[in-house]
Each structure stands twice: as C-alpha cells, then as structure tokens.
Participant: 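If you scroll down you'll find the structure; I have some questions about it.
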Amino acid sequence: MRSLFSISTLFTCLLAAPAVAGEIDLGPRPAWLVSQMADSPLKEKLKSCLGQPVKRTQFSISHRGAPLQFPEHTEEGYRAAVLMGAGILECDVTFTSDKELVCRHSQNDLHTTTNILATDLAAKCTAGFTPAKGDDPASADCRTSDITLSEYKSLQGKMDGGNKKARTVADYLQGTAPWRTELYGQHGTLMSHREAIALFKDLGVKFTPELKAPKVDMPFEGFTQAEYAQKMIDDYKAAGIPPEAVYAQSFNLDDIRYWIENEPEFGKQAIFLDGRRDLDPMAPATFSPSMEELKTMGVNTIAPPLFALVTLEEGRIVPSAYARAAREAGLNLITWTLERSGPLSSGGGWYYQSITDAIDGDGKMLEVVDVLAKDVGVKGIFSDWPATTSFYASCMGLE
C-alpha cells in the first residue's frame, strides 16, 4: 500500500539537513519573470544565472511565509519560504486571550485567515458572520484575543480572504484572490511565537518578528504595551537566540524606542516600519521625525513600502528624496512587499504607486528590484514569494 505524506511531512524531509545552496528550489517563477523582461543588459545578466546554484541570503526576507501560494504564518508557508532560499523569516506577533504570543498578521484577521467561522469557536468571535445584504458587504470580526492559545492551535490556516458578497459562511471563506491559489490552502498549521522560533532555529535562518498593534484597548487585563514588547524579546532570550540574529520590527516608534532603551542589543537591530500616511516621499519637509532625528534616537534601520523609495525621472525609475535622505543620515533601508500586488499589467497598484507609469507588466518586477538594490541600496526586500528575491540576490552576489 502506498504511503501518504502531508505537505508538512514532505517539507520536513526536504529541509531536515543543514541549509546549503543545493537544497534551494526556486521553481519556475524567476525564469518566467526574466522571460517577461524587455531586452536589456540586466535581462542578459539574469538569464545567465538561470539554472545556476543559488545561495541563501539575508536580502531575501520571507513576508508572512510564502503567502502567494500558502496560507500565511503557517508552518507549511515558512518551510516553503526556506526551500526558496529566504535567509530571514517573519512572524507577525500578536496575543491570545491568555496573553500568549502567536504568529498572525493582525489580531483581528482570524475570520479571513483561518477556518474559525466554520468551527464552534465562531461563537467566541467579537462579531460573528453577517451575510451580505443589499449594499452592505458580508462581515465578521474574529480576534486572537477572543480565544486561548489552545483554542487558537485547534484552527487551520487558510489563504487570506473573505468573499464580501457571501450569504453563507462557506461562501465567505472562499475569498482567495484569483491570482493566488488554493492548491496548498487546506492544511495550514498555525504556530505560536515560541514554536516559530524553534522552527526557524532548526531551519538555520534568522528572525524578524513584528510586534503588531493590538486591536483591543491596552492595557489588556493588566497586560501593558511595554510588557507586550518585552514578552516578545523574552521569547528569544529564553530560546537562546543571540540578539544579532533577531530583527525586531514595529510600526509603532515607541516600541522601537522601548527596545533601544531596555534591550539595547536587540534594539540596535530593530526595524522601524515606516507607515506614516502623512509623509510625502518627495517632500523632506514632511519627514517628521526627520531621518537625522530618527538616527539620534538610536534607530538604525527603517523600512517603508517600496513606492516610498523610488520615483520617475524622464521615465526612468530612480531613488526618491526619501531614499536619499535616509542614506545621507546613515540609516539602513529595507522595504516591503514584493509579489503582493498580483499581475503588474495595470500599473502594480498600491505598492508601485510612485512609478505606475513605468509599470506595464510582470517583466518590470526585477527591474524595480535592481534599482532598489543597486541605486537605493536596500539591505533586504520582504517578498510573498521569496524565490524571486533569492534568485536576484544570488545572481548579483548579495549577502
């Protein structure tokens, strides 16, 4: 009788040995992206690297695992990212009702990223499923803080999405974007933060946990924001992870400053995720605090969305004023998120908004990566499909 293996078991077998170049499997996507490029010296360089050995690099940062095709923040997605050469993996950190840390992009996304609405735990959701009616979309609000860690672990991850036109829970759970896939979407293993640390350590990669903004009022049953920030770092200390292997992130500058002051060895590598909505990447007067002020605070690395780092000059993609100011202040740059926009034939959407006129297809993706790496000087790029960044970084000899 033929043995049956789960995806998780298969990945465990593939990744059981120490990570070396020969174990990285990029799949067909990088070659396809190169085939879509206009003829240029860059295309010729990248073509010359197709089929060549690929090394694992820190330039290739896994964003939530590999959510272009796998449920985000699941063991299966993380293993896929490592198989594709990612050198750093992300666990977005939030907490449960018993104040345990788990990997989830938002405290209130269980209704779109798990099967909770199809389980008895739906009764514990902040707001249960409401079907679409007239102009009102279908909705729900299920939070990690609604359930315990044990209950959280009983759920299955799924591809992120909710069908806003749904009149039933079953239909609501079928909200996957058409350019993603459900091939691997039925068996997502959810992970606590500590379990993710153990997995990443075993896989031989580095760590970039993001402290997510709580959706509940803080303090939460006595649990303060400072205690939350400290608890995340304490999990690495308890696991014996050296600070130089951890790149803690937050959109909340106060979290970064907390780590700089209270955990300086971790704080000096902390990443300020710059999501300031009132900032104009081409107008330095809107940079408040300024790049120099951030550096004075002890911030060493900032990470804006990729559109903030590039602009167009006579049709060419070039570094923005934001990118130049950051480099002049001595700040390291990381950016997000590649492979999250779907097909680029209509301009790339939100992530490419500053260079929309130059984006006319997927062949432009590696051109943008090249500008970010060579001209802007980013140290790494978050990607929903790390094979793309792993291929580029290895071809160009990046660390």
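Side-chain atoms are counted along with the backbone in the values below, which use heavy atoms only and exclude waters and symmetry mates.
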Participant: For Gln230 and Glu263, does a side-chain donor sit closer than 3.5 Å to a side-chain acceptor?
Facilitator: yes
Participant: Is there side-chain contact between Leu46 and Met396, with at least one heavy-atom pair below 4.5 Å?
Facilitator: yes
Participant: How long is the straight-line distance from CE of Met297 back to NZ of Lys295, given to the nearest 0.5 Å?
Facilitator: 13.0 Å
Participant: If you measure from SG on Cys125 to CZ on Arg143, what distance do you get to the nearest 0.5 Å?
Facilitator: 10.5 Å
Participant: Salt bridge or not between Glu227 and Lys99? Use side-chain N to carboxylate O under 4.0 Å.
Facilitator: no
Participant: Below 3.5 Å, can you tabulate the donor-acceptor pairs from side chains in residues 61-68 to any protein atom, sequence neighbours excluded?
Facilitator:
| unit_1 | atom_1 | unit_2 | atom_2 | d |
| --- | --- | --- | --- | --- |
| Ser62 | OG | Gly65 | N | 3.1 |
| Ser62 | OG | Gly65 | O | 2.6 |
| His63 | ND1 | Asp384 | OD1 | 2.6 |
| Arg64 | NE | His105 | ND1 | 3.4 |
| Arg64 | NH1 | Glu72 | OE1 | 3.0 |
| Arg64 | NH1 | Glu72 | OE2 | 3.4 |
| Arg64 | NH2 | His105 | ND1 | 3.3 |
| Arg64 | NH2 | His105 | NE2 | 3.1 |

Participant: Out of curiosity, Ser60 OG to Met84 CE, how far, rounded to the nearest 0.5 Å?
Facilitator: 8.5 Å
Participant: Taking the six-membered ring for Trp, are Phe95 and Phe220 closer than 6.0 Å centroid to centroid?
Facilitator: yes
Participant: Could you please spell out the steps behind the side chain to side chain contact (heavy atoms under 4.5 Å, CB included) verdict for Tyr228 and Gln225?
Facilitator: CA-CA 5 Å; Tyr228 177 32; Gln225 183 70 25; 3.8 Å; yes
Participant: Under 6.0 Å from the CD atom of Glu292, do we count more than 12 heavy atoms belonging to anything else shown?
Facilitator: yes
Participant: Verify the distance criterion only: is there a donor paired with an acceptor across the side chains of Thr112 and Asp160 at less than 3.5 Å?
Facilitator: yes
Participant: State, without any angle test, whether Asp92 and Gln249 hold a side-chain donor-acceptor pair at a distance under 3.5 Å.
Facilitator: no
Participant: Is the backbone N or O of Ala86 less than 3.5 Å from a side-chain atom of Arg56, with the two atoms forming a donor-acceptor pair by type?
Facilitator: yes
Participant: Does the Ser394 side chain pair with the main chain of Ser390, one donor and one acceptor, at a distance under 3.5 Å?
Facilitator: no
Participant: Within a 6.0 Å radius of atom NZ on Lys379, are there more than 12 heavy atoms belonging to other residues, nucleotides or ligands?
Facilitator: no
Participant: What do you reckon, are the aromatic ring centroids of Trp259 and Tyr236 less than 6.0 Å apart?
Facilitator: no
Participant: Indicate yes or no for a side-chain donor-acceptor contact from Asp375 to the backbone of Pro319 under 3.5 Å, with no hydrogens or angles considered.
Facilitator: no
Participant: Could you walk me through whether Leu273 and Trp336 pass side chain to side chain contact (heavy atoms under 4.5 Å, CB included), step by step?
Facilitator: CA-CA 9 Å; Leu273 297 168; Trp336 41 278; 4.1 Å; yes
Participant: Decide yes or no for Val82 and Leu89: does some side-chain heavy atom of the first lie under 4.5 Å from some side-chain heavy atom of the second?
Facilitator: yes
Participant: I'd like to know if the side chain of Ser383 reaches the main chain of Glu339, judged simply by a donor and an acceptor atom lying under 3.5 Å from each other, with no hydrogens or angles considered.
Facilitator: no
Participant: Salt bridge or not between Asp235 and Arg194? Use side-chain N to carboxylate O under 4.0 Å.
Facilitator: yes
Participant: Looking at Lys158 and Gly161, would you say the former's side chain and the latter's main chain have a donor-acceptor pair under 3.5 Å?
Facilitator: yes
Participant: Taking distance alone, no hydrogens or angles, what donor-acceptor pairs closer than 3.5 Å link side-chain atoms of residues 168-177 to residues at least two apart or in another chain?
Facilitator:
| unit_1 | atom_1 | unit_2 | atom_2 | d |
| --- | --- | --- | --- | --- |
| Thr168 | OG1 | Asp171 | N | 3.1 |
| Thr168 | OG1 | Asp171 | OD2 | 3.4 |
| Thr176 | OG1 | Glu182 | OE2 | 2.3 |

Participant: Does Arg276 pair with Asp274 as a salt bridge, N-O distance under 4.0 Å?
Facilitator: yes
Participant: Is it true that a side-chain atom of Gln52 and a backbone atom of Cys49 form a donor plus acceptor pair closer than 3.5 Å?
Facilitator: no
Participant: If you measure from OG on Ser154 to CG on Asn115, what distance do you get to the nearest 0.5 Å?
Facilitator: 8.0 Å
Participant: Once ring-ring contact (aromatic ring centres under 6.0 Å, His included) is applied, what residue pairs with a partner in residues 275-329 remain, sequence neighbours excluded?
Facilitator: Phe287-Tyr322, Phe307-Trp350
Participant: For a 4.5 angstrom cut-off between non-hydrogen side-chain atoms, does Gln107 reach Lys212?
Facilitator: no
Participant: Is it the case that the side chains of Asp146 and Thr126 hold a donor-acceptor pair, with the cut-off being a distance below 3.5 Å and no angle test?
Facilitator: yes
Participant: Without hydrogens or angle criteria, can the side chains of Asn252 and Ser250 be said to hold a donor-acceptor pair below 3.5 Å?
Facilitator: no
Participant: Going by the side-chain contact (heavy atoms from CB on, under 4.5 Å) test, name the single residue among Val378, Ile334, Ile317, Leu338 that passes it with Leu372.
Facilitator: Val378
Participant: Please confirm whether the backbone N or O of Arg104 pairs with a side-chain atom of His73, one donor and one acceptor, at under 3.5 Å?
Facilitator: no
Participant: Between Val34 and Lys43, does a side chain to side chain contact (heavy atoms under 4.5 Å, CB included) hold up when you go through it step by step?
Facilitator: CA-CA 6 Å; Val34 172; Lys43 181 176 182 177; 4.2 Å; yes
Participant: Say you draw a straight line from CD1 of Ile147 to OH of Tyr152; how long is it, rounded to the nearest 0.5 Å?
Facilitator: 8.0 Å
Participant: Looking at Gln269 and Val246, would you say the former's side chain and the latter's main chain have a donor-acceptor pair under 3.5 Å?
Facilitator: yes
Participant: Between Gln36 and Gly361, is there a donor-acceptor pair closer than 3.5 Å when you use the side chain of the first and the backbone of the second?
Facilitator: no
Participant: So for atom CZ, which belongs to Arg257, do other residues, nucleotides or ligands contribute more than 12 heavy atoms lying within a distance under 6.0 Å?
Facilitator: no
Participant: Can Arg79 and Glu75 be counted as an ion pair, charged N to O under 4.0 angstrom?
Facilitator: yes
Participant: If you round to the nearest 0.5 Å, how far is CG of Leu155 from OG1 of Thr189?
Facilitator: 12.0 Å
Participant: Can you find a pair of side-chain heavy atoms, one from Thr311 and one from Val318, that are under 4.5 Å apart?
Facilitator: yes
